[in-house]
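See below for the structure under consideration.
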Amino acid sequence: MGEHRRRSAQTTGKLFFLSVVQTEVPPLFVVEFLHRVADTFQDYFGECSETVIKDNVVIVYELLEEMLDNGFPLATESNVLMEMIRPPTILRSVVNTLTGGSNVGEKLPTGQLSIIPWRRAGVKYTNNEAYFDVIEEIDAIVDKSGTTVFAEIQGVVEACVKLSGMPDLTLSFMNPRLLDDVSFHPCVRFKRWEADRVLSFIPPDGNFRLMSYHVSSQNLVAIPVYVKQNISFLETGSCGRLEITIGPKQTMGKTVEALMVTIHMPKSVLSVNLTATQGSYTYDLTTKALIWTIGKLNPQKLPNLRGSLSMQSGVPKPEENPSINLDLKIQQLAISGLKVSRLDMYGEKYKPFKGVKYLTKAGKFQVRT
Amino acid sequence: MTDSKYFTTTKKGEIFELKAELNSDKKEKKKEAVKKVIASMTVGKDVSALFPDVVNCMQTDNLELKKLVYLYLMNYAKSQPDMAIMAVNTFVKDCEDPNPLIRALAVRTMGCIRVDKITEYLCEPLRKCLKDEDPYVRKTAAVCVAKLHDINAQLVEDQGFLDTLKDLISDSNPMVVANAVAALSEIAESHPNSNLMDLNPQTINKLLTALNECTEWGQIFILDCLANYTPRDDRESQSICERVTPRLSHANSAVVLSAVKVLMKFMEMLPKDLDYYGTLLKKLAPPLVTLLSAEPELQYVALRNINLIVQRRPEILKHEMKVFFVKYNDPIYVKLEKLDIMIRLASQANIAQVLAELKEYATEVDVDFVRKAVRAIGRCAIKVEQSAERCVSTLLDLIQTKVNYVVQEAIVVIKDIFRKYPNKYESVIATLCENLDSLDEPEARAAMIWIVGEYAERIDNADELLESFLEGFHDESTQVQLQLLTAIVKLFLKKPTETQELVQQVLSLATQDSDNPDLRDRGYIYWRLLSTDPVAAKEVVLAEKPLISEETDLIEPTLLEELICHIGTLASVYHKPPSAFVEGSRGVQHKRLPGSAGSGESVESPDTSSAAGISDAPPAVIPSQGDLLGDLLNLDVTPPATTGPPPAANSGVQMGAMDLLGGGLDSLMGAGFGAAPAAMPASFSAPVSGGLDDLFDLGGGVGMPMGAFSPPKTVWLPAMKGKGLEISGTFARRAGVFQMELTLMNKAMSVMTDFAIQFNRNSFGIAPAGPLQVLTPLSPNQTIEVTLPLNTVGPVMKMDPLNNLQVAVKNNIDVFYFSCQYPISMLFVEDGKMERQVFLATWKDIPNDNESQFQIKDCHLSSDAASNKLQGSNIFTIAKRTVDGQDMLYQSMKLTNGIWVLAELRLQAGNPNYTVSIKSSVVQPNL
């Protein structure tokens, strides 16, 4: 037997997942699988925590049994698993207690071996609906002078499809060429994308991530806000000054919401005494994190935070400059300009209800000082 | 009510109560009881006493209950083997259940019960399940074969399960194919030399078809399996690449990385001028970039792999510099890795950007990161000459910040910049001197002292500066002491008048008051040099220094090649070959990149070496040319197959695969003077030397056997790659002892100790018979000759070329890897003389297919002289015949692994060309 090695993946800072391997296995394989396990627990129990796992230990066992056999992943598609092991609901546990039924499906899931393992057969809905959320995150580094050092967009298309039967969908974009790199759910026919730049697929039932993409060409990445900042530590004495103003830059006429600023102060900053024209701020003494929650950005009255920082005396001026981290949201806008043009359905007769939502968020958005 | 209640029953008599519940008539109660048992098992309580009761619950039509019982069985069967037998009947029955789910469950569980008695019963049901009509059962059964093989390999082979498994590769269901591949790969891993995964174009085609349709995990198995295949030509390689590229868009990062591995490997085969080659390069970049937006742990794995990829093919990511820019909230391990890649990608085109970033990083919070960033600026200066000026000014700016550790790092790198660009930036010395007092780390102090000594003539108060260091001489680290000694001697040689006192002081400190032998020795040498011949001292101490090389931390090319074959695995994360960290036989297979298409041209890509500064092309290896017999006898068929004496491992010239006898006889019989044998490509005639000169000893005429031929020493590990350690060596067979003769030379500044050597598994099981005998530390510029006796009882693995030997040498500084090739003649043993009768019979027995002929040209020896000469190398003449003025010598030799080789050497008086026919009966040696 080979040496035992362990790898762990951390989720939400509460639980560590550990897997023991005996042979040389691709680490990403293990990490991806552990992520999938955590996601499955999340799907089944709504959260993934110690209590939940203890509360559902039998289902957890059954799930792990179904997901892995001798180190080979078996069924990791949530749809398939749900057919084999039914998620716990209050109603079901009552029924089970009364009838002696079980949580385990007695039949082989239809999806398990078909070439569309992600979809079960015989899906039926009274309201047939398909929703798509285009969510984009801006990762950016902006330097002191406001120049963008680096910016890219990580986008995902999340889908919630509740359609009866075996629908075959085609989703087309107005401007598919701006996507640099795409990764698809296995259901997407890659050849169609290569040839026509449309997403053609038989969807899984329920919620799934249809596609994730990446826009890195600098000129396409709009930076929605600008930050005017001045953080200085005086050479003598034990204080510093801070002033931050945020204003809209390229927002495409939409409102910037849920604006929040986080600054990790140098260790020697003991406390802060600031005034915010909008929103409120907190300063955590242990983590030295200054968090300013602003909310909606009003272009007429720009939010401003200013005041003094009191420093530990007798300690030299901090050498590093704190970076400013931004959080924000813009509803109904995909900042890359990506737009869904149409969704067509083949293979089924009914008329589905369709909807698309857009959302832009700040990902790792930081301003250097 | 939740399951957590199962954990809470801790009262006494619990087992007893459970027993009662398990035997209850009510189904529901039974199930609850089993659940409680499972919960107790989870928290580590011993519930094995309940074994019979739990097993009794097995016969049920409630699937959930059955599953739970099976779970219990897997856990406790080992401790209760006799009881486990009780369960066998139910298993066998379940394997025939009409519900495929139950059949699969049964066969799956049986495979997990590691009890010998049970495995015997498992065979029949397993055989049935492997041919089950339901693909779900088949795919489960495929995995079961791997499990069974782990328990009892012999049984699996005897029962013919391996063949059935191979058949499953052609199954109509892609999941079954994927699982069969996974199972076969796992079995093959424990038998590295078995020919299990017999990959041929047909199976490859099947795998590629299944690839599109199976689950993501199956795709990983299939891709990893594909990566072991060597395509026949560039066209096949291209078509595989084309079918693999869609996997780059998969959402699962492990699939992406496995696809990258396949593409990186097969790309080697594609001609560079092919349009498709360019397309492929472009397609590889975006997925690698996307991996960097994942969670930090995935990012780290991706970055470690990208680090390998940019060393091999920097052109893939040369435009993607920006994605490696560090975000301040990246974890430190991601930051450091990104920084490393940034430097590897730095070029004239993007250096401005890179420098601006690095300067930014130098003001960050994290000390380790800041240090590395400052060092990176220095590396940029050394790598991109045009940027040197800007780098130096950036470093000076950083020194102005007066941040202690920044200043120290900056001084260390400025020293390197001085070495790389002498007489260019010395104007900054004044600024450096201002910071002398703030240096408290040995490395920085040593660097500064070196600078002062080197440029003593330009620094007015050099003597004062050095004197100030001298005060605390004994408290300094060795590094600083040595530098100080040298620097003061330099100063004295430059300004003899004012510094006589100083030099005497330091010499006496070094020689009289120090217990460090290095320091003392160096002190004495200087002292004697100075007192006997100051002119000579000047020549020695102030000698011109060689320029430092561009990049110092590149991975050694052969190792890099191996690691490229392991992209996505742990090896690629550790940057170590799997043999370095996997124990036992599992997975210690050395993998090589396939050679480039076409002739035996070197695989060096011009852009690789220019952009990354890799000075030598990695010595790639031509794909295996068939079985050993092919190698053994096919002396003339494959054009680049025969070469001269073993090339130096680092020569960077693709020498082609060396065949067993091709290599051996060529260096033995020689082909070296001008007229190379017909088979030898013209390009090889130059390096071919030695050969007959050595062996036939032309000068001495017909001499007595002088012992076995031994090729001259060649450099195996150049000092540049060995961090100053240069190893040259050769192989010899002296008095029947096979040995490796090494010359170790220390070209570094520091003393080397703790030498050790290790060989990788190789074709003939060559292994060191004792430790490497380097008893005294190796001082700078010292050379030592070492003889390492070898034996052939080590582990065996077929290498390509056959006589390749991968060696690891360790010293106190690092572990270095190189590979070398031994002449096959070293393996001819002394008792290789066959009985005449036996010879005759054997010669007749060997079919003509196993015979190969080739010519040795321009050889002027009589048959007796040749025979004598060859005997020295353990090639024995059995008989001699003269027919029509032709001398025929019949010879035999025996390899250490017992393989006999027979030869007929035909000489014609007056004709300098000899004809050799070689035969061996071993078609498929059991390597």
Side-chain angles (χ1 to χ4, degrees), chain A residues 1-3 5 9 23-29 31-32 51 54-59 61-62 65 69-70 72-73 76 93 97 100 102-104 106-108 112-113 115 117 139 141 143 149-150 152 154 180-186 190 209 212 214 216 266 319-321 323 325 364 366 368, chain B residues 2-4 7 27-28 35 38-39 42 62-64 67 71 100-101 108 135-136 143 146-147 173 175 179 182 189 213 215-217 220 246 249-254 257-258 286-287 289-290 293 297-298 301 322 325 327-329 360 363-365 403 568-570 573 578 582-584 586-587:
Chain A
M1 283 285 162
E3 171 194 359
R5 268 171 277 120
T23 51
E24 163 79 315
V25 179
L28 284 185
F29 183 105
V31 177
E32 281 275 359
T51 350
K54 264 194 165 169
D55 281 354
N56 297 287
V57 68
V58 174
I59 292 192
Y61 252 126
E62 287 169 355
E65 272 291 289
D69 178 20
N70 195 36
F72 302 112
T76 51
S93 58
T97 323
S102 77
N103 283 331
V104 174
E106 301 273 326
K107 274 209 303 269
L108 188 61
Q112 177 80 315
L113 284 158
I115 42 170
D139 285 355
I141 303 175
D143 75 3
V149 178
F150 162 79
E152 62 176 8
Q154 308 285 352
D180 277 342
D181 181 44
V182 284
S183 338
F184 297 120
H185 189 276
F190 190 70
R209 175 171 294 184
S212 54
H214 185 92
S216 59
E319 284 142 8
E320 72 271 9
N321 306 314
S323 285
N325 251 24
K364 288 179 177 167
Q366 66 182 79
R368 290 174 178 164
Chain B
T2 64
D3 293 352
S4 53
F7 287 108
K27 261 190 192 168
E28 195 49 29
K35 283 187 180 180
I38 299 278
T42 311
N62 185 319
L63 194 58
E64 187 176 19
K67 278 189 172 183
L71 195 65
L101 208 52
R108 200 173 123 190
Y136 181 75
V143 175
K147 294 182 202 167
N173 188 298
M175 319 284 207
N179 274 15
E189 218 170 70
E213 292 171 353
T215 64
E216 50 204 302
W217 314 108
I220 298 169
S249 300
H250 203 285
N252 185 323
S253 57
L257 214 50
S258 289
V289 170
T290 301
S293 50
E297 70 268 14
L298 297 182
V301 174
K322 285 192 172 180
F325 284 2
K327 301 188 180 85
Y328 95 97
N329 45 0
E360 195 69 45
T363 62
E364 282 235 18
V365 197
V403 177
T569 68
L570 261 192
V573 179
V582 179
E583 277 174 16
R586 273 163 179 265

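Side chains are part of it too, since the values below use all heavy atoms of this structure and drop only hydrogens, waters and symmetry mates. Letters A, B, ... are given to chains in the order of the sequence lines, protein chains preceding strands, and every chain is numbered from 1.
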>> Looking at Glu65(A) and Arg108(B), is any side-chain nitrogen of the basic one under 4.0 Å from a carboxylate oxygen of the acidic one?
In response: yes
>> With a 4.5 angstrom heavy-atom cut-off, is it the side chain or the backbone of Glu32(A) that approaches chain B, or both, or neither?
In response: both
> Minimum heavy-atom separation for Asp139(A) to Lys327(B), with atom names?
Replying inline: CB-CE, 4.2 Å
> How far apart are the closest heavy atoms of Gly568(B) and Pro27(A), and which atoms are they?
Replying inline: O-CD, 2.9 Å
> By a 4.5 Å heavy-atom criterion (distance strictly below it), what part of Val143(B) contacts chain A: side chain, backbone, both, or neither?
Replying inline: both
> chain B heavy atoms under 4.5 Å from Gln366(A): which part of the residue, side chain, backbone, both or neither?
Replying inline: side chain
> Heavy-atom distance under 4.5 Å to chain B: side chain of Arg209(A), backbone, both or neither?
Replying inline: neither
>> At a 4.5 Å cut-off on heavy atoms, which part of Leu298(B) comes close to chain A: side chain, backbone, both, or neither?
In response: both
>> Rounded at 0.5 Å granularity, tell me how far CZ in Phe72(A) sits from NZ in Lys147(B).
In response: 9.0 Å
>> With chain A as the partner, which of Ile38(B), Asn252(B), Ile220(B) has the greatest number of non-hydrogen pairs under 4.5 Å?
In response: Asn252(B)
> Does any heavy atom of chain B fall under 4.5 Å from the side chain of Phe29(A), the backbone, both, or neither of them?
Replying inline: both
> Given Ser293(B), which of Glu152(A), Gln154(A), Lys364(A) fulfils the side-chain hydrogen bond (donor to acceptor under 3.5 Å, both in side chains) condition?
Replying inline: Gln154(A)
> How long is the span from the OH atom in Tyr61(A) to the NZ atom in Lys67(B), to the nearest 0.5 Å?
Replying inline: 14.5 Å
>> The test is side chain to side chain contact (heavy atoms under 4.5 Å, CB included); show your working for Glu64(B) and Val58(A) and say whether it passes.
In response: CA-CA 10 Å; Glu64(B) 187 176 19; Val58(A) 174; 4.1 Å; yes
>> Using heavy-atom distances under 4.5 Å, tell me whether Asp143(A) contacts chain B through its side chain, its backbone, both, or neither.
In response: neither
> Looking at Ala254(B), Ser249(B), Pro246(B), Ala146(B), which makes the most heavy-atom pairs under 4.5 Å with chain A?
Replying inline: Ser249(B)
>> With heavy-atom distances below 4.5 Å as the criterion, would you say the side chains of Thr76(A) and Glu216(B) are in contact?
In response: yes
>> At a heavy-atom distance under 4.5 Å, which candidate from Ala251(B), Pro287(B), Ser253(B), Ala182(B) has the highest pair count against chain A?
In response: Ser253(B)
